[in-house]
Amino acid sequence: MALIKIEEDLCKGCGLCVTVCAREAIAMGEKINNKGFNIVELVDPEECNGCTLCAVMCPDIVISVYK
Amino acid sequence: MALIKIEEDLCKGCGLCVTVCAREAIAMGEKINNKGFNIVELVDPEECNGCTLCAVMCPDIVISVYK
Amino acid sequence: MKQVFGKPKSLTENPFTYCPGCSHGIGHRLVAETLDELGIVENCVAVSTIGCSVRCWRNFDVDVVQGAHGRGMAVATGLKRALPDEVIFTYQGDGDLAAIGMAETMHAAARGEAITVVFINNSLFGATGGQLAPTTLAGQWTSTYPNGRDVDWTGEPIRMAEILASLPSTSYIAREALTSPKRILQAKKAVRKAFDVQINHNGFGLVELLAACPINLKLKPVDAVKWVEDKMIPYYPLGEIKNTKGVG
Amino acid sequence: MKQVFGKPKSLTENPFTYCPGCSHGIGHRLVAETLDELGIVENCVAVSTIGCSVRCWRNFDVDVVQGAHGRGMAVATGLKRALPDEVIFTYQGDGDLAAIGMAETMHAAARGEAITVVFINNSLFGATGGQLAPTTLAGQWTSTYPNGRDVDWTGEPIRMAEILASLPSTSYIAREALTSPKRILQAKKAVRKAFDVQINHNGFGLVELLAACPINLKLKPVDAVKWVEDKMIPYYPLGEIKNTKGVG
Amino acid sequence: MEKTMMKGNEAIGEAALRAGCRYYFGYPITPQNELLEHMANNLPKHDGVFLQSESELAGASMLYGVAATGKRVMTSSSSPGISLMQETISYLASAELPALIVNITRGGPGLGRITPAQSDYFQAVKGGGHGDYNLIVFAPASVQEMMDLTMLAFELGDKYRTPTMILGDGIIGQMMESVTLAEPVEIKQKKPWTVGRRKDRDYRNLVISAPFTNEEMVELNVRLQEKYREIEANEQRVECYRMDDAEFAIVAFGIVSRLSLAAVDSMRNKGYRVGLIRPITLWPFPEKAFASYPQVKGYLTVEMNEGQMVEDVRLAVNGAVPVHFYGRGGGFTPAPKQIEEKVAGIMEGGDLA
Amino acid sequence: MEKTMMKGNEAIGEAALRAGCRYYFGYPITPQNELLEHMANNLPKHDGVFLQSESELAGASMLYGVAATGKRVMTSSSSPGISLMQETISYLASAELPALIVNITRGGPGLGRITPAQSDYFQAVKGGGHGDYNLIVFAPASVQEMMDLTMLAFELGDKYRTPTMILGDGIIGQMMESVTLAEPVEIKQKKPWTVGRRKDRDYRNLVISAPFTNEEMVELNVRLQEKYREIEANEQRVECYRMDDAEFAIVAFGIVSRLSLAAVDSMRNKGYRVGLIRPITLWPFPEKAFASYPQVKGYLTVEMNEGQMVEDVRLAVNGAVPVHFYGRGGGFTPAPKQIEEKVAGIMEGGDLA
Amino acid sequence: MLREYNIAGFGGQGILYLGQVLAYAGLLSGKQTTWIPSYGPEMRGGTANCMVVISDDKVRSPLVYNPNVALIFNKPSLEKFGADIMPNGKALLLSDLIDGELDRDDIEIFKIPAKTIAEEMGSAMSANMVMLGALLTIDPVFDYSQIEAAVKKVTPSHRQHLIEINLNAVKKGIEYAEQMINGGYKEQEG
Amino acid sequence: MLREYNIAGFGGQGILYLGQVLAYAGLLSGKQTTWIPSYGPEMRGGTANCMVVISDDKVRSPLVYNPNVALIFNKPSLEKFGADIMPNGKALLLSDLIDGELDRDDIEIFKIPAKTIAEEMGSAMSANMVMLGALLTIDPVFDYSQIEAAVKKVTPSHRQHLIEINLNAVKKGIEYAEQMINGGYKEQEG
Ligand SMILES: Cc1ncc(C[n+]2csc(CCOP(=O)(O)OP(=O)(O)O)c2C)c(N)n1
Ligand SMILES: Cc1ncc(C[n+]2csc(CCOP(=O)(O)OP(=O)(O)O)c2C)c(N)n1
Ligand code: SF4
Ligand code: SF4
Ligand code: SF4
Ligand code: SF4
Ligand code: SF4
Ligand code: SF4
Ligand SMILES: [Mg+2]
Ligand SMILES: [Mg+2]
């Protein structure tokens, strides 16, 4: 069981996390945060195995991972 | 036949030329020039073969060599 | 559930103010993780230098001294000589470290100052809008050489890590890239060693981190990172360049 | 009888004002001989820098620009960019070139400026009274480290020629010594090549000449020269370090 | 003559090109990067040399090298970068080399911020470097003047063999304004003192800042001072606005003079007899202008700093009437309304004499 | 207290040691190498740090680093080297760091010569660096004062958190004079703002010269100016010699004041009512002193430069009486006899009022 | 004539470009003009605004403290600048992004859903030009041909393909505002 | 008391050291003293001179324009400084190196062959101390014990072995001058 938490206010929508998630658990969504950025979303929680790759890649420490 | 000319006013008496003359044709003399330096002298003109080593070594271009 | 990844304690609450996809954030995190691991947040002074990261004092939860542009290692020298028991590190961009700061960089390294240098090489001046840096690649667009860097005019880019490694008094020098999770984890190890060599061996440690500046590369973040991977790494080979004290 | 050795035409009437046994005079002569050979005294601009040779404009019979301390190569860069058809050379001491001038030196070399650098390394600051230079040998007495250079405190001496040779855009780099007629003749060839590479290949040429400063070594001239031979040469190996254009 | 809009920073660059300047060395710093980039984009088209230097220090020495050849050359920077050039600026003055240095000042001291400021007035006019020397310092108040005074700076620099400076600020550098392009000039000055090919002369040229003897060093200072006196006599430039019947005057330069103009107009509408003296050259300071208005009963110097030019105003007025100051450093811009209030306060407070 | 003889340069070094300064960074330059070498010889004995920096620029930044830790620290140089420090000096002022900078001035501008000069007055007091800031500047006139004012400089630097400067010249630096050694002091100031081990505090310390917002930058300037006003109120130092009944006064600082003293004595013997005002602090300039002598009908400022302090004298006098100038830059030293002639010329020419 | 404008919004909304077009239109109609951005270290986005002055005489202050006309593109800008508009002045609000109200009864307020209009055109980036068009109608200082010439002048060579799109957006803005005004001010306010 | 000295010669003749000994003697006898070298870029030899002032009061100018006493060690120095000596002052000339004359009849002139005397002692370097000794006799401001103390104070630790030699030279100078004065001034001048 794994879970990621996305700190939406911090996301800048750069998309780097998405490119490194081999399991396509996350994706850029439609949502826009209060800074005007199009933010990332956990689209397939089932698929997430908590590998932390997305979090490691994120420049803004948006993602925290729980296992 | 070889000859060296020593521009006495320029000599600073450092003695570098003397150390490189294998034929001991030159030596530090007693003479003091107008700058107060104890200058080099051609002590054995016969021995000088115009090899130019002394002139090459001299930092003050005191010695010119003729052949 | 246990948290397996989160924000390091050695960072303050302030969010990063960098552009989307800017590698500075990763650089900051790796340093902060190292400070956490070493438990040195209370006996560490950071030197912030002039570049996009000039206000990294808002993020690192340590005492910070902000030096003049390029003089980071001279400031660190003063700090370390006055506080030999504290851990001193500088966080510097390539313009700061290798352009205006060349003399201070070379001499601090030549003296073997017991400091740690985190060197963010993004191949350009980020803060001022994408001008040529000593590290800019041949042919690369910059705002001051819009036709690309002509090496006949401005010379070949400088590989600082190798030059610094050639100085006898430096101890640890490595270059890594912030382009993928794997490389980032590798970079983290190098950052750690650059601190270890200071703490355990009184040595000069530097880690160069190849970084993406999407804004000034005029690329999307994902493409900027790919550019670093594809263009920069071939000219700036990764790995440990020098490790005289065998930290590891 | 024919004169087989005399004063080069490219020197003025002014005598050298250096101390007895100072190698600067030999350095001057080698440069002047080269100017004579190349017949360039009327299309050559020298850059005099700050050190004992600051007033070399009194001796070289060419137009001269005196730069600020350490900035010789930046001044030469300006000159060469404005006068690409003239021959530009700097004459610099080790304090000037490697201490305060480190950044300008590194960057002019990194750009591969088409200039010639005559670099007189006498292991100390002559003009100001024998202080530590980046080139001072380990253990060597200086007026600022009277117990000798402690490399743990000030680092190991810097070998500039090798560092500059490692920059991709430099063309010709050599180190010779002014310690014996044989070596001086060898040095002369290197000076010539450092000019040739500029004239024929638009390249950056530098010749480092190990030199004696008897006054500040506190040795008699003969002993000072021997000291250079015995102590400096082992740390600063002689010979051609780089010759990418194959000048010869 | 073509009319267009441009940024102040670009106008300097464009003027330099039109003045025949073909050499630019500089290091990026906000808020003057448009100038650097204008030169980067345009010099190659004129077969000129644009070289981004490794630092302001190196850039200034490159400039020094070109200046020694007599070719027109410039650099530009902002406050911290200009501080780094002070040694070389002193060398330029000493070696009597013309060269243009542009300072688009930012809020200091220290790293400061890129907000507008006029806090480098003292540095520019009193000599931030060592020794007794002066630069001719121009303070443009419009984009048009950014252009025209740049042309003039090159002209006077050559005429007097002296380094010159444009002192602007972030507002004037960043703003766009309608401007009439200057006509390109041909360079007239003969320069027998320059280094380079020695064909038509039988003497060497030496560009040095340390003569051989102590006596010559003193003589150099005498010569420099004579030149400076000549410049003071000939080159004071000033704009006087509604001064003829003014009983009170604002003194302001650069962008602050524009804000002050607005204040003057507004106060004139309300019946206050207020005028404006705007120094265009900061050195030589247009002190003569002050003598022309003996009816003025008091001055208010307004600056975006903590009080610098006000000293030169006081020296010019020499105690004849009170000279007040209003300003603040570090990025503060006085609004016309604030200036108006200050003036009104002084005039109504009867604090005029 | 021990009495000995020392060079002025050494006295500064010795005083620094006695003031608890254990950190020195510097780069050789004549005529101040004795100071560098005094520190090189003595700091190791006190477990202090003597580091010859690769340049003045680097040395100033090393100093900045130590200053951030609150430890007493100094550097020294001469004119061209001081010009190179201007950026960092502005940073020091902005970050409010105490540190001592010594300038043993030489004849400029440019490389110049190592002859004595006072041509860096403007640079020292008006801010050679960018932005609005001040240093407390001391002008010793004897070897004793080289010692005493160095002690004071450290004290006031800590008190006001501000960089300080000793402005000397080659004569005062190179001469030996009998001197009473100062007592070593214990450093009293608490410095809660310094960086280093964070044990007894629950806050971080940041030493920065660019706050986060524009507003804070302006506030920094307000704070600095308030501090400067306080220093102006408290720290003006001056020596007035035979001023009480003087109808004419010489104003001179440093070595020139000694030469002027000789002139005053000689003229008094001849019946001239002449006195001397000697600023000991150049900033804050001791302007208050001038108000104390309303009977003075004219001033002659004598300087080894082309006229710098004379502006501050004119500002202090504000047009009340004429202020004349005598001096020359580049290495000229006015002999007492020359000063006397100048004064006599003015007094006899009736050019007093 | 003297017109002072303040144009404010997010970075990326084309604020500075809009201001430049306006200033150029002034130049082309023989006026004196100034344009000034609020330059700041925020090159990384965030807020953007610029001030434009168009005048028959020499422009005094290029800094606009109390604009005759304000074009406001987001809520933070409304909060920051709304109170400064000159009495009897005009405010054009990008109503798609501004849900708040401007509590002033001494000025005229126009709400333009420029983003929606631009998106309908298939060119979301052209909302700024829609606002410009609306301005042309609401405060008719320039006519369309002057704006057309200015757009052509200001658009950099590598963006020439955008000229047509932009001009279309201007026209849409003109139309919308004409309709709005004809349809009555009250209604729009509701 | 006020005594102003000028001491001048070649570099290497111990000019500066002599001046320092004199100044220290002043210090040790409770006076105010200054010593100042003519510092110059000529660190490579050439000329050397120093000025010493010894005074009961605070010293005004440390620069000596018209010395009471001049110690002249070579001909160039004689030419440079000879005319400046205060009327009624004294000049001590190192006669071995000065063949010229000083054309002043308003001062007292003493010719000391100090080099010869020093060489006779086997210590050619001590001519300066011979001159000092002569000064002690000719212008007896200090007594020998004060000079002895000053020499000990001024000599650096690595040169302690020279103290005795130097003091002997001082004594020789005293003797020579005493003899000279007793033998009559005229004779020495001839
Ligand atoms: C003396 C001085 N010169 C120039 C600047 C302007 N400046 C600020 S940051 C910078 C370059 C930053 O580039 P880099 O160090 O590579 O950092 P990055 O922003 O790319 O991370 C420059 C030139 C300055 N602040 N001070
Ligand atoms: C900015 C500046 N700093 C310091 C000096 C003083 N200075 C003159 S020459 C010199 C060093 C000379 O050493 P080097 O270059 O090795 O030349 P050398 O005399 O040994 O030939 C120094 C520090 C100066 N003139 N300018
Ligand atoms: S933790 Fe791994 S699997 Fe889960 S979202 Fe991130 S990258 Fe994908
Ligand atoms: S990497 Fe971080 S900032 Fe970028 S999109 Fe993913 S979560 Fe957002
Ligand atoms: S030329 Fe040769 S042989 Fe003759 S003196 Fe010189 S070194 Fe000796
Ligand atoms: S090397 Fe030259 S200067 Fe030295 S002693 Fe010989 S001739 Fe004289
Ligand atoms: S400009 Fe570049 S380096 Fe600076 S914050 Fe943006 S992406 Fe990062
Ligand atoms: S000090 Fe040294 S380098 Fe300078 S002239 Fe004398 S011997 Fe030569
Ligand atoms: Mg960078
Ligand atoms: Mg050297």
Problem - Interatomic distance, F:Arg106 atom CZ to E:Met217 atom CE [nearest 0.5 angstrom] - result: 9.5 Å
Handout entry: Salt bridge present between E:Glu311 and F:Lys126 (N-O < 4.0 angstrom)
Key = yes
Handout entry: E:Pro80 versus F:Glu87, closest heavy-atom pair with distance
Key = CB-OE2, 3.5 Å
Exercise for the section: Determine the minimum heavy-atom distance between E:Pro109 and F:Ser94, stating which atoms define it. Expected result: O-OG, 3.0 Å
Fill in the blank from the handout: In short, F:Val218 meets E:Phe332 closest at the heavy-atom pair CG2-N, 4.0 Å
Fill in the blank from the handout: If one checks every heavy atom of F:Ile89 against chain E at 4.5 Å, the contacting part turns out to be neither
Practice task
Count the heavy-atom pairs under 4.5 Å between each of F:Ser78, F:Gly127, F:Ser79 and chain E, then report the option with the highest count.
Solution key: F:Ser79
Exercise for the section: Can you tell which part of E:Asn103 gets under 4.5 Å to a heavy atom of chain F, answering side chain, backbone, both or neither? Expected result: neither
Practice task
Determine the minimum heavy-atom distance between E:Glu306 and F:Asn221, stating which atoms define it.
Solution key: OE2-CB, 3.5 Å
Problem - F:Gln308 to E:Gly131 - nearest heavy-atom pair and separation - result: NE2-O, 4.2 Å
Handout entry: Short side-chain to backbone donor-acceptor contact, E:Arg113 and F:Phe212, under 3.5 Å
Key = yes
Handout entry: Contacting region of F:Gln225 [heavy-atom separation from chain E under 4.5 Å]
Key = side chain
Practice task
For chain F, find which of E:Ala95, E:Ala320, E:Ala124, E:Pro211 contributes the most heavy-atom pairs closer than 4.5 angstrom.
Solution key: E:Pro211
Problem - Structural part of E:Thr88 lying under 4.5 Å from a heavy atom of chain F - result: neither
Problem - Region of F:Glu219 in contact with chain E, defined by heavy-atom distances below 4.5 Å - result: neither
Exercise for the section: With the side chain counted from C-beta on, respond yes when F:Leu84 and E:Leu84 share a heavy-atom pair under 4.5 Å apart, and no when they do not. Expected result: no
Problem - Test item: E:Gln123 side-chain N/O and F:Gly128 main-chain N/O as donor-acceptor pair under 3.5 Å - result: yes
Problem - Winner by heavy-atom pair count (cut-off under 4.5 Å) against chain E, out of F:Gly108, F:Gly107, F:Ser119 - result: F:Ser119
Handout entry: Heavy-atom check, side chain of F:Leu315 versus side chain of E:Leu315, under 4.5 Å
Key = yes
Problem - Approximate separation, where rounding is to 0.5 Å, of F:Ile82 CD1 and E:His130 NE2 - result: 10.5 Å
Exercise for the section: Give the member of E:Ala93, E:Gly129, E:Gly331 that has the highest number of heavy-atom pairs under 4.5 Å with chain F. Expected result: E:Gly129
Handout entry: Interchain contact, F:Leu92 with chain E, by part (heavy-atom threshold 4.5 Å)
Key = neither
Exercise for the section: Would you mind reporting whether F:Ile208 and E:Leu111 have side-chain heavy atoms less than 4.5 Å apart? Expected result: no
Handout entry: Closest contact, heavy atoms only, E:Gly110 versus F:Ser90
Key = N-OG, 2.8 Å
Handout entry: Distance, nearest 0.5 Å, that separates OG1 of E:Thr115 from CG of F:Asn214
Key = 5.0 Å
Handout entry: Residue F:Val222 versus chain E: region with a heavy atom under 4.5 Å
Key = both
Problem - Proximal component of F:Tyr64, with respect to chain E [non-hydrogen, under 4.5 Å] - result: neither
